[in-house]
Amino acid sequence: MLTDADERLAHQIPEPLSAVAGPDRHWRESYFFAAHHPRRLEDALVLTMAANPARRAMDSYQMGRLGGQLFFSRASRPFGDDPHTPVAGPVSVEIVRPYERIVLRAGPGARGFGGMELTWTARTRPYLTRRGTLVVDGAPVWDQRQVMQSGWFDGEYVSSGRTVAVERWWGQRDHSWGIRRHPRCPLWIWLAVQLPDGMLSAWLWEHADGRRHYLDGCWAPDGGGEPVPLADLRYDLDWLDPAGAPVRGAGAAQRADGLGGRVVFVLSDGRSVTVDGRGQWIAPYGRRGGGLHQVSVHTSDGRTGTAIYEVTGCAHHHFFPEESS
């Protein structure tokens with residue numbers, strides 16, 4: 001099917017732009033935005049927008065924590081004759097200037113979320129991860145690339161009828177495309193650590209026994225300097241109970257109240273940064289366990305900040321032991 005986008009000089013294969021490389025029903029292209037306060041754990045907002053060619057649908061999730069209450073909303077629309085515009089119901093993503101300025105809008109949703117309008121402005125350069133692939137039992141579980149970038153959020157949102165101003169919140173945005181079958185993922189850890197002078201980011205995949213499958217990420221300095229890729233990542237993270245004690249064993253991901261521990265980022269220029277942090281759920285992922293956490297962090301060289309940690313999967317000896325035994 002031809003769309004208006006096909007008038008652009010942008011084709012990469014001899015097919016219309018609405019076609020993707022293969023027929024896999026898990027192929028998707030998505031935006032992900034996470035906004036949170038620079039100095040303390042309080043309200044956190046996450047907005048996604050994804051095109052799903054096999055379902056011929058655009059959908060958006062809005063989720064996070066508002067006033068101590070977790071919330072989740074979803075909006076969707078059929079592609080119709082427009083598979084490209086990032087709009088689903090009352091939710092939209094407007095690319096004002098690529099990699100520089102993006103406007104997010106959402107109407108009222110569920111459980112106290114009354115909508116928002118936020119403008120994201122870049123504070124670092126974008127970083128493009130290398131392509132990663134994972135095949136399990138002959139089927140592709142993951143074949144994807146991702147752009148990571150830190151920015152500032154300004155605007156407002158509505159929580160339980162109260163309008164709240166957002167001024168210079170920070171956070172991560174990414175843009176990914178390819179195949180990702182969430183229920184078959186053994187373990188992935190995605191980290192976006194916001195510090196006063198830039199962002200540490202990482203995307204790590206492991207097998208059930210802890211063998212590393214993929215690692216990419218970077219240190220991206222504030223002000224537009226060249227990102228420095230990761231050379232290695234070491235972590236000592238645990239699910240935590242309300243008192244901050246580790247929760248382990250069968251069902252730990254479902255019983256936990258949060259996540260915390262130490263992560264060491266080793267950069268390709270020889271620098272090493274140790275990050276200690278502890279945080280709370282902002283989006284649990286239901287029966288699979290894991291999810292998104294807002295984390296207060298401090299580094300070995302004296303910097304402090306806040307971060308989003310995502311730990312999820314279906315089978316891992318440490319985080320999801322009952323599935324992998």
I want to check something: taking the side chain as every heavy atom from C-beta on, are Leu45 and Phe153 in contact at a cut-off of under 4.5 Å?
no
Give the intermediate values and the outcome of side chain to side chain donor-acceptor pair (under 3.5 Å) for residues Thr3 and Ser18.
CA-CA 7 Å; Thr3 66; Ser18 58; 5.7 Å; no
Rounded to the nearest 0.5 Å, what separates atom OG in Ser60 from atom CG in Leu47?
4.5 Å
Is it true that Arg168 and Asp154 make a salt bridge, defined as a side-chain N closer than 4.0 Å to a carboxylate O?
no
Is it true that Asp301 and Arg303 have a side-chain N and a carboxylate O under 4.0 angstrom from each other?
yes
Set of residues satisfying side-chain hydrogen bond (donor to acceptor under 3.5 Å, both in side chains) with respect to Arg248, sequence neighbours excluded
Asp238
Using a 4.5 Å cut-off on heavy atoms from C-beta on, say whether the side chain of Asp222 contacts that of Gln194.
no
What's the separation between atom NE2 in His175 and atom CD1 in Ile102, rounded to the nearest 0.5 Å?
9.5 Å
Joint cluster assignment, Val141 & Trp188, ILVMFWY side-chain distance < 4.5 Å
yes
I need the Phe113 CZ to Leu70 CG distance, nearest 0.5 Å.
14.0 Å
Does the Asp143 side chain pair with the main chain of Ile179, one donor and one acceptor, at a distance under 3.5 Å?
no
Enter the distance from Leu191:CG to Leu200:CG here, rounded to the nearest 0.5 Å.
9.5 Å
Backbone N or O of Ala192 within a donor-acceptor pair of the Ser201 side chain at under 3.5 Å?
no
Do Leu66 and Phe72 belong to the same hydrophobic cluster, where Ile, Leu, Val, Met, Phe, Trp and Tyr are linked whenever their side-chain heavy atoms lie under 4.5 Å apart, directly or via other members?
no
Trp142-Trp27 aromatic ring centre distance below 6.0 Å:
no
Between Ser76 (side chain) and Met58 (backbone), is there a donor-acceptor pair under 3.5 Å?
yes
Looking at Leu41, is its backbone amide N or carbonyl O close enough to the side chain of Arg65 to form a donor-acceptor pair, meaning the two atoms are under 3.5 Å apart?
no
Would you mind checking if Arg131 and Asp216 are paired as a salt bridge, meaning a charged N to carboxylate O distance below 4.0 Å?
no
For the pair His293 and Trp239, name the ring-plane relationship: parallel under 30°, tilted 30 to 60°, perpendicular over 60°.
tilted
Are Val266 and Trp219 connected in the hydrophobic side-chain network, where two residues link if heavy atoms are under 4.5 Å apart?
no
Assess the side chains of Thr306 and Ser296: does a donor N or O sit below 3.5 Å from an acceptor N or O?
no
With clusters built from Ile, Leu, Val, Met, Phe, Trp and Tyr whose side-chain heavy atoms come within less than 4.5 Å, directly or transitively, what are the remaining members of the cluster of Tyr99, listed by chain and number?
none
Between His37 and Asp43, is there a side-chain donor-acceptor contact under 3.5 Å, judged purely by atom types and distance?
no
Would you check if the side chain of Trp190 reaches a backbone N or O of Thr312 as a donor-acceptor pair within less than 3.5 Å?
no
To the nearest 0.5 Å, atom CH2 of Trp281 lies from atom CD of Gln294 at 14.0 Å
Can you find a heavy atom in the side chain of Gln146 that is under 4.5 Å from one in the side chain of Trp203?
yes
Non-hydrogen side-chain atoms of Glu94 and Arg105 separated by less than 4.5 Å:
yes
Matching residue for Gln149 among Arg123, Glu100, Gln172, Arg173 - test: side-chain hydrogen bond (donor to acceptor under 3.5 Å, both in side chains)
Arg173
Does atom CG of Asp81 have more than 12 heavy-atom neighbours, drawn from other residues, nucleotides or ligands, at distances under 6.0 Å?
no
Looking at side-chain heavy atoms only, is the closest gap between Val136 and Arg181 below 4.5 Å?
no
By side-chain hydrogen bond (donor to acceptor under 3.5 Å, both in side chains), which residues pair with Thr129, not counting sequence neighbours?
none
Under the salt bridge (charged side-chain N to carboxylate O under 4.0 Å, His left out) test, which residues partner Arg56, sequence neighbours left out?
none
Greater than 12 external heavy atoms within 6.0 Å of Arg130's CZ
yes
Could you tell me if the side chain of Arg234 sits less than 4.5 Å from the side chain of Val263, heavy atoms only?
no
Under a single-linkage definition using a 4.5 Å side-chain heavy-atom cutoff for Ile, Leu, Val, Met, Phe, Trp and Tyr, are Tyr157 and Trp152 assigned to the same hydrophobic cluster?
no
Search all heavy atoms of Leu230 against all heavy atoms of Ala202 and return the closest pair with its distance.
CD1-CB, 3.6 Å
Could you tell me which residues satisfy salt bridge (charged side-chain N to carboxylate O under 4.0 Å, His left out) with Asp276, sequence neighbours excluded, listed by chain and number?
Arg262
Ionic contact status for Arg212 with Glu206, cut-off 4.0 Å
no
Just jot down the salt bridge (charged side-chain N to carboxylate O under 4.0 Å, His left out) partners of Arg28, sequence neighbours excluded, or say none.
none
How about Tyr285 and Glu310: does a side-chain donor come under 3.5 Å of a side-chain acceptor?
yes
Gap separating the CH2 atom of Trp205 from the CG atom of Leu187, nearest 0.5 angstrom
9.0 Å
Under 4.5 Å between side-chain heavy atoms, hopping through other hydrophobics if needed: is there a path connecting Tyr31 to Val87?
no
Carboxylate-amine/guanidinium proximity below 4.0 Å for Arg55 and Asp59
yes
